[in-house]
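Only one structure is covered here, and it is reproduced in the block below.
Predicted, not measured: the structure shown is a model, and the values here were computed from it. The basis for the numbers below is simple: all heavy atoms, side chains too, and nothing from hydrogens, waters or symmetry mates. So you know, we letter chains A, B, ... as the sequences are listed, proteins then strands, and number each from 1.
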Amino acid sequence: MAKELTSRSENYSQWYNDLVIKADMAENSAVRGCMVIKPYGYAIWEKMQSVLDRMFKDTGHVNAYFPLFIPKSFFSKEASHVEGFAKECAVVTHYRLMTDPEGKGVVVDPEARLEEELIVRPTSETIIWNTYKNWIQSYRDLPIKCNQWANVVRWEMRTRLFLRTAEFLWQEGHTAHESAREAIEETETMLKVYADFAENYMAMPVVQGVKTANERFAGALETYTIEALMQDGKALQSGTSHFLGQNFAKAFDVTFTNNEGKLDYVWATSWGVSTRLMGALIMAHSDDNGLVLPPKLAPIPVVIVPIYKTKEELDKISVIAKDLVAKFKSMGIEAKYDDNDKKKPGWKFAEYELKGVPVRLAIGPRDLENNNAEVARRDTLTKETVSLDGIDQYVVNLLNDIQKNIFSKALKFREESTTRVDSFDEFKKVLDEKGGFILAHWDGTSETEEQIKAETKATIRCIPLNNEQEDGKCIFSGKPSKQRVLFARAY
RNA sequence: CGGGGUGUAGCGCAGUUGGUAGCGCGCUACGUUCGGGACGUAGAGGUCGCCCGUUCGAAUCGGGUCACCCCGACCA
């Protein structure tokens with residue numbers, strides 16, 4: 001009997017301890033704050049990766065790979081960037097070990113000290129711009145639109161499974177442009193790509209917007225973000241796209257000759273999403289029975305479970321099941337036929353629910369007689385009996401329905417969890433009693449934002465794009481305001 | 001780095017006033033089962049995180065140390 005699962009009521013660790021680890025997604029590693037992603041969890045990441053990679057290519061990007069190690073001196077070139085990252089870097093100081101002359105084991109060879117320390121990349125702006133310097137001379141060399149799939153390390157004081165691990169997998173796009181306008185366009189395009197991915201693949205509604213100065217990426221002029229709401233009422237920054245201006249070009253002296261023959265600094269963007277998206281996916285949709293995966297990202301969209309007593313029954317079912325698997329395959333759906341003899345049907349049902357498999361077909365003796373299958377859907381946990389004739393098309397339609405249903409469920413939840421408030425008392429009350437997003441007026445100053453954060457732990461998640469303009473008064477200072485911004489307590 | 005908590009079988013946990021370790025799940029074998037995580041019988045599995053101390057005797061008491069988790073500061 002599975003341990004009773006708790007979900008949206010508790011804190012995030014409950015989600016992971018009860019749902020994720022049991023669902024074979026990840027477990028703690030031997031290394032501080034790092035994460036082991038087991039095969040099933042990694043299969044989800046691979047799905048995400050392949051969709052995103054396609055989207056990047058469709059928007060004119062190419063993949064490249066840059067070094068893991070960054071010379072320390074690179075970091076001192078962009079002042080605000082180093083301030084943002086210096087406190088959380090892993091530093092390589094030596095390149096050799098030796099047997100301990102004093103005893104057992106190995107020690108760092110003091111003779112093998114590096115002349116210049118190497119930083120394990122926390123993000124790759126510096127090493128990439130150091131490289132771009134050599135790639136760019138003329139406006140004819142622009143734009144450069146590279147993406148890198150890589151791991152990065154940030155030595156956070158406190159880590160959280162999936163949401164903030166010391167090492168994480170991500171993609172980082174780095175582009176170079178001849179004009180500010182073109183770079184801003186790129187920044188916005190990539191934000192749209194992320195929003196599209198979140199909503200149409202992850203089935204997770206997001207608010208697109210720009211960050212306030214306080215929350216901006218270290219070294220950026222503008223940070224765009226997609227913000228999602230988790231079922232426990234906390235917000236999660238799920239992807240960011242930065243307009244870097246000419247900051248990195250100036251820091252790394254990357255200039256080009258424009259078509260008027262004049263020298264100018266290159267304009268830059270960077271954008272990234274990480275394995276944090278897996279955390280978002282889990283916390284946005286899971287229920288007390290385990291994961292709920294959107295069909296478009298489920299490693300196993302359809303599973304077929306045979307129910308039988310005898311070898312003869314199994315053989316008959318297998319013929320039908322294998323035929324179905326082939327039919328699904330021809331329609332682009334990877335169905336799994338689980339004829340594992342060592343597990344019983346009830347066990348399999350529970351297991352695939354835990355793993356979030358969207359559609360489960362069960363075929364038993366009863367179905368053999370009537371030419372049926374039992375079709376169960378994960379999102380609603382409902383079952384019905386369907387004729388085997390045309391079941392392939394039925395399942396295709398069902399998968400589409402599930403994809404849509406998961407999204408609308410999450411959207412409905414977000415709408416119900418978004419509150420407009422006009423006073424600070426109300427603001428605090430909603431935060432404590434209801435959680436979720438809060439739309440409120442803000443006077444636009446960092447001081448107010450910081451004080452609200454200090455008193456309530458809520459931050460401005462973003463200023464939504466195409467935000468409705470409306471006269472009002474800042475809930476904290478009472479000063480005039482032109483628009484409401486999006487507040488929430490966040491991960 | 002501050003505050004709190006936990007380290008005992010693969011996992012989750014119990015362990016009384018100190019007396020030499022147990023439960024559930026899982027695992028192995030056999031049988032009956034198989035349409036919602038089956039049941040019976042018989043088994044296997046632990047230097048009680050590590051070190052030092054107190055004691056005739058320590059999972060239990062004292063000191064230290066390490067690791068992990070939670071709450072803060074920091075952050076994708």
Side-chain angles (χ1 to χ4, degrees), chain A residues 1-5 10-14 16-18 21-22 24 27-34 83-89 122-123 151-172 194 211 214-218 223 225-228 235-242 270-280 289-290 305-311 313-314 317 340-355 360-370 372-376 381 383 385 453-454 457 459 461 490-491:
Chain A
M1 191 60 211
K3 183 182 161 194
E4 191 188 335
L5 301 175
E10 298 299 325
N11 60 29
Y12 91 100
S13 69
Q14 208 86 39
Y16 294 122
N17 291 339
D18 288 349
I21 292 178
K22 281 176 183 293
D24 196 33
E27 61 185 9
N28 295 329
S29 153
V31 184
R32 176 206 170 271
C34 293
E83 209 165 292
F85 285 103
K87 285 173 283 186
E88 51 180 44
C89 286
T123 179
N151 58 339
V152 289
V153 169
R154 296 184 189 173
W155 214 262
E156 303 287 355
M157 290 171 183
R158 191 169 150 217
T159 57
R160 293 180 147 163
L161 205 56
F162 280 108
L163 303 186
R164 190 170 304 107
T165 42
E167 177 189 4
F168 55 94
L169 302 178
W170 78 344
Q171 62 63 217
E172 45 180 326
Y194 288 154
K211 287 288 187 189
N214 274 356
E215 302 274 324
R216 210 172 273 155
F217 176 75
T223 289
T225 179
I226 52 170
E227 296 285 328
L236 184 70
Q237 176 176 312
S238 306
T240 47
S241 181
H242 314 288
S270 71
W271 28 273
V273 293
S274 70
T275 36
R276 170 180 270 197
L277 285 182
M278 295 172 71
N289 293 310
V305 177
I307 296 156
Y308 58 94
K309 287 196 173 89
T310 63
K311 174 86 167 56
E313 274 172 356
L314 176 61
I317 295 166
N340 182 349
D341 195 26
K342 297 180 181 71
K343 303 286 185 193
K344 301 186 352 184
W347 192 92
K348 291 177 187 172
F349 292 174
E351 181 69 8
Y352 289 113
E353 268 163 28
L354 197 59
K355 289 190 164 175
R360 183 187 70 235
L361 304 184
I363 302 175
R366 216 159 62 202
D367 302 300
L368 283 179
E369 281 178 29
N370 304 313
N372 286 338
E374 181 191 76
V375 182
L381 293 169
K383 296 186 282 201
T385 304
K453 184 180 179 184
K457 288 181 206 148
T459 49
R461 302 318 302 154
Y491 279 109

Under 3.5 Å donor-acceptor, A/Thr223 side chain and A/Phe217 backbone
yes
Same-atom distance (C1') from B/G15 to B/C34, integer angstrom
38 Å
Could you tell me whether A/Glu227 and A/Lys211 make a salt bridge, using a distance below 4.0 angstrom between a side-chain N and a carboxylate O?
yes
Once you round it to whole Å, what is the distance between P of B/C27 and NZ of A/Lys342?
12 Å
Nearest heavy-atom approach of A/Phe168 to A/Ser274 is CD1-CB, 3.7 Å
How far, in whole Å, is B/G43 from B/U6 if one measures between their C1' atoms?
32 Å
Using a 4.0 Å heavy-atom cut-off across all strands, classify A/Thr165 as base, sugar-phosphate, or nothing.
base
Between A/Trp170 and A/Thr123, the two heavy atoms sitting closest are CH2-OG1, 3.6 Å
For nucleotides B/C61 and B/U47, find the distance between their P atoms and express it as a whole number of Å.
22 Å
A/Thr459: partners by side-chain contact (heavy atoms from CB on, under 4.5 Å), with sequence neighbours left out:
A/Glu215, A/Lys453, A/Arg461, A/Ala490
Could you run down the sub-3.5 Å N/O contacts of the protein with nucleotides 29-36 of chain B?
unit_1: B/C34; atom_1: O2'; unit_2: A/Tyr308; atom_2: O; d: 3.4
unit_1: B/G35; atom_1: O6; unit_2: A/Gly364; atom_2: O; d: 3.3
unit_1: B/G35; atom_1: O6; unit_2: A/Pro365; atom_2: N; d: 3.3
unit_1: B/G35; atom_1: O6; unit_2: A/Arg366; atom_2: N; d: 2.6
unit_1: B/G35; atom_1: O6; unit_2: A/Asp367; atom_2: N; d: 3.1
unit_1: B/G35; atom_1: O6; unit_2: A/Asp367; atom_2: OD2; d: 3.2
unit_1: B/G35; atom_1: N1; unit_2: A/Asp367; atom_2: OD2; d: 2.4
unit_1: B/G35; atom_1: N2; unit_2: A/Asp367; atom_2: OD2; d: 3.2
unit_1: B/G36; atom_1: N7; unit_2: A/Lys383; atom_2: NZ; d: 2.8
unit_1: B/G36; atom_1: O6; unit_2: A/Glu353; atom_2: OE2; d: 3.4
unit_1: B/G36; atom_1: O6; unit_2: A/Arg360; atom_2: NH2; d: 2.4
unit_1: B/G36; atom_1: N1; unit_2: A/Glu353; atom_2: OE1; d: 3.4
unit_1: B/G36; atom_1: N1; unit_2: A/Glu353; atom_2: OE2; d: 2.5
unit_1: B/G36; atom_1: N2; unit_2: A/Glu353; atom_2: OE1; d: 2.5
unit_1: B/G36; atom_1: N2; unit_2: A/Glu353; atom_2: OE2; d: 3.2

With sequence neighbours excluded, what pairs up with A/Glu374 under the side chain to side chain donor-acceptor pair (under 3.5 Å) test?
none
Evaluate the criterion side chain to side chain contact (heavy atoms under 4.5 Å, CB included) for residue pair A/Asn340 and A/Lys348; output intermediate values, then yes/no.
CA-CA 9 Å; A/Asn340 182 349; A/Lys348 291 177 187 172; 4.2 Å; yes
Check RNA chain B for consecutive Watson-Crick or G-U pairs with both distances under 3.5 Å and list the runs of at least three as stems.
B:1-7 with B:66-72, B:10-13 with B:22-25, B:27-32 with B:38-43, B:49-53 with B:61-65
Heavy-atom side-chain proximity of A/Tyr491 to A/Gln237 below 4.5 angstrom
no
Taking B/G19 as the reference, what is the distance to B/G26 when you measure between their P atoms (whole Å, please)?
32 Å
Sequence neighbours excluded, which residues qualify as side-chain contact (heavy atoms from CB on, under 4.5 Å) partners of A/Glu313?
A/Tyr308, A/Lys309, A/Thr310, A/Pro365
Between A/Ile317 and A/Ile363, what is the shortest heavy-atom contact and its length?
CD1-O, 3.4 Å
Shortest non-hydrogen pair, A/Ile307 vs A/Ala362, comes out as CD1-CB, 3.8 Å
Touch check for A/Ser274, heavy atoms < 4.0 angstrom, all strands: base, sugar-phosphate only, or nothing?
base
Please give the distance between the P atoms of B/G3 and B/U60 as a whole number of Å.
25 Å
Atom P, compared across B/G31 and B/G36: separation rounded to whole Å:
24 Å
In whole Å, measure the gap between the C1' atoms of B/C48 and B/A67 for me.
16 Å
C1'-based separation of B/U28 from B/A44 [nearest Å]:
7 Å
Table of protein N/O atoms under 3.5 Å from nucleotides 72-74 of chain B N/O atoms:
unit_1: B/C74; atom_1: O2; unit_2: A/Glu156; atom_2: OE1; d: 3.3

